[in-house]
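Every chain is numbered from 1, with letters handed out A, B, ... down the list of sequences.
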Amino acid sequence: MIAQVIVDVAARQTDRVFDYLVPEGLEISIGSRVIVPFGNRKVQGFVVGFSEKSQFQGQLKDLLLVVDEMPPLTKELVALSADLAQQIFAYRISILKTMLPSVMRANYRKILVPVSDRAKAMPFFAGDVLDLSKISDPHLLKLVSQLLKNGDAEVEYLVEDKAKKKMTVLYTPLLSLEGYQELLTKVKKNAVQQQKLLTDLFENFAAYPKTREQLEGQKISLATLNSAVKKGWLGQKQVESYRKPAVLAKEKSQPKKLNDEQEAAYEAITQDVQERKSQTFLLEGVTGSGKTEVYLQTISEALKIGRTALMLVPEISLTPQMVAQVQARFGKEVAVLHSALSEGERYDEWRRIRRGQAKVVVGARSAVFAPLDNIGLIIIDEEHEGTYKQDKNPRYHARDVAIWRSRYHHCPLILGSATPSLGSRARAQKGLFKLITLKKRAKSQALPRVDLIDLKHVQFAGGQFDISVNLAEAIQKRLDRREQVILLLNRRGFANFMLCRNCGYVLKCPNCDLSLTMHKDTGVMQCHYCGHQEAIPTFCPNCHDRQIRFLGTGTQKVEEELGELFPAAKVLRMDVDTTRRKGSYEKILTAFGQGEADILLGTQMIAKGLDFPNVTLVGVINADTGLWLPDYNASEKTFELLTQVAGRAGRADKEGQVMIQTYNPDHYAIALSQKQDYELFYAKEMQVRRAGNYPPYFYTVLVTIASKNEQNAAREAFNIKRVLMAQLHQPTIILGPAPATVSRLKNQYLYQILVKYKKEDKLNALLHQLQDQAQEIKKYGLTVEIDTEPERIM
DNA sequence: AGCACGCCGACT
DNA sequence: GTCGGCGTGCTC
């Protein structure tokens, strides 16, 4: 039998199957993790198929080892990896590896082993092995090569991983119930521990076998257990135990009564769950409309018919409260996969899923690869979130993977959001997805009042032009009333663009209607779509005022200003810098929730899903920064952020207020977020997208050409563009090549080409071909990266 | 990606 | 003469 193996070598030339002979008697199947000889070393690999014959001309090698008892990958995941690799231009091995917990990643070591007696006697080998990767001393290296040459030592290649199964001891009764009863009468009166154990055995006989942890929890010592084993009272064996993260839910929650809107959604979805239809639903519901309850009840339905459920949430909202809600409903059947788990816990949760011991999986992006069998429902909450697209290789979008899996399992997929992504909403419009809207808020609270503050015509409270007098007054009012304030600093726009403080004008590209980005290094304003460039202005091209600024504000600066304006107020700052340490995110939120601070100042991460009853004012320091980013979806992201953050005000009985500071109060993304009117925004933004030939009217692919040599990168970029131009047809639009925003990264020069198309059947094959060709000419050190439907084109 | 093989410059 | 620089090509 021949096994087809994908080896753990991420390179263009090795991105295919290699055939190996399977030695007799090995338990192996599709999805098995194996160790194989590859060249003169050993690597990890995954079995993706079997065959009788091989096309390979040379002598096939035997595979060396099957690593796991149970294949870590299912047939489904192996098939998915093949399709996905093709779709997203990633190496298949990279995808297979992202499907698994990180502890299963191979760790390769080269060690030096003495073979001659002479070498074995050398103090140099003190002990037994010598890790070659840890030797850097030139003297030692010299010695090593000498030993190798003389045949005194050999290099051995090791493949290891960090996957450690936690073991425990399971104690099984060896005697009958009567036997223990009898022993209990015989045992000495002062042998308290033994009596305790025997009593438990007698009284709770049915609860056995018990693990060591269980018995230790009952205050029965290890010594007692050991002697019980010796006396033949108990049998013991080693078993795996799971590092189960704490179950957060205290008691089981019961399904809540649904209102008529929720009921209709529930009915529509459960029907397809029962009929096993791979229908995608777009569940559009305002904040507080009770989407979660619909999720929970439809999951119940999937479980009821003997299937499993997968639920994705953004990492940021995978909070303990969220997890607790699901656990409260489904108890021990829930497995949670998120980054707050230790690697070991994650591995254990993953194994529980793989073994079919968890029926409901809740997790962030990568949980879309959870090895669940027989999926009956998939849910993606906050489907508009950009984090569902991985921004490094392999660049997969969890939504696309979920759609693939829903087809495979014939099960429905729910995409839920208050502000659906334009693409999903448009698909719903076309009938590809089924649209379900929830308009009522479950507790029928009023939406908070939203005020726009036009920064062009306002006084600033401090000297930093960050906080207007209006906002400052509103903050002071809350401080006086001992209520809390959330301030959002929109950092999405840290790329420098030009804004006129007098008229609000933003310098834009004449061809693309997108803002130009300042390149300090080259001293120009440049468009990253088409490559247009012009000089950095010294006055506003619109009103000729000299009060122009290049924007990019920091949380620290605002924090200082708050300190000046409200010296008595306690401010908590939350951004990438203060939340880098594990657990600090929760810590800050808990502190704020307990009223330890008056103001929470933060970036995007405070906009989502937080619920603090004492917060009555939400202020947005700068609504504009994301607006003029050189991305076609800048308006969408801005609207989304403002709408989400507005939902943070007045969550309980106190009335909430939202103040949005902006230089562009008339821009539709901002004006409509004041009204919290998604549908109107959708209609308007679709017009803009249509006029600009952007998604969802066009598909996009971003091709990035990288080389250490700028000329080679540029030449290849133009080369690729030429081929694309020749092969693609109307109405396809090819923009660029243009240097990337960060035109040089790790000493690699980057050029980008954006392809916008409606239908190009050959495009995928063509791009694969171009990518191969470019990278085969290795002398230039060229790499071509392809990002389908990029989130950011910068 | 590694690793070996191979062909040219500066050293004991 | 040899050590070692990194260009080239291969891995079932």
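In this structure, CZ of R16(A) is placed 10 Å from P of dC12(C), rounded to the nearest angstrom. Regarding D19(A), its CG atom lies at a distance of 13 Å from the P atom of dT11(C), rounded to whole Å. If you take CG of N40(A) and P of dT11(C), they are 12 Å apart, rounded to a whole angstrom. Rounded to an integer number of Å, the gap from CD of Q13(A) to P of dG9(C) is 10 Å. The distance from atom NZ of K53(A) to atom P of dC12(C) is 22 Å, rounded to the nearest whole Å. As rounded to whole Å, 19 Å separates atom C1' of dC3(B) from atom CZ of R109(A). The distance between atom CZ of R12(A) and atom P of dT8(C), rounded to the nearest whole Å, is 20 Å. We find that CG of D15(A) is positioned 14 Å from C1' of dT11(C), with the value rounded to whole Å.
A10(A) comes within contact range of the sugar-phosphate backbone alone, with a heavy-atom separation under 4.0 Å but no base atom that close. Within the nucleic acid shown, Y157(A) comes within 4.0 Å of sugar-phosphate atoms alone, with no base atom in reach, counting heavy atoms only. Contact annotation for F56(A): base contact, defined as any heavy-atom pair under 4.0 Å involving a base atom. The residue K42(A) sits apart from the nucleic acid: no heavy atom pair falls under 4.0 Å.
For R41(A), no side-chain nitrogen or oxygen approaches OP1 or OP2 of dC3(B) to under 4.0 Å. Residue K61(A) has no polar side-chain atom (N or O) positioned under 4.0 Å from OP1 or OP2 of dT11(C).
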Table of protein N/O atoms under 3.5 Å from nucleotides 6-9 of chain B N/O atoms:
none

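A side-chain donor from one of E710(A) and Y751(A) sits under 3.5 Å from a side-chain acceptor of the other. Remark: the H768(A) side chain and the D772(A) side chain contain no N/O donor-acceptor pair separated by less than 3.5 Å.
Among pairs with a residue in residues 96-118 of chain A, none fulfils ring-ring contact (aromatic ring centres under 6.0 Å, His included), at least two apart in sequence or across chains.
Between E349(A) and R346(A) no salt bridge is recorded (no basic side-chain N to carboxylate O distance below 4.0 Å). At a threshold of 4.0 Å, the pair E785(A)-R395(A) counts as salt-bridged, since one of the basic side-chain nitrogens sits closer than that to a carboxylate oxygen. Ion pairing between K389(A) and D787(A) holds under the 4.0 Å rule for side-chain N and carboxylate O.
For F38(A), the ring pair (Phe, Tyr, Trp, His ring centres under 6.0 Å) criterion is met by F18(A), not counting sequence neighbours.
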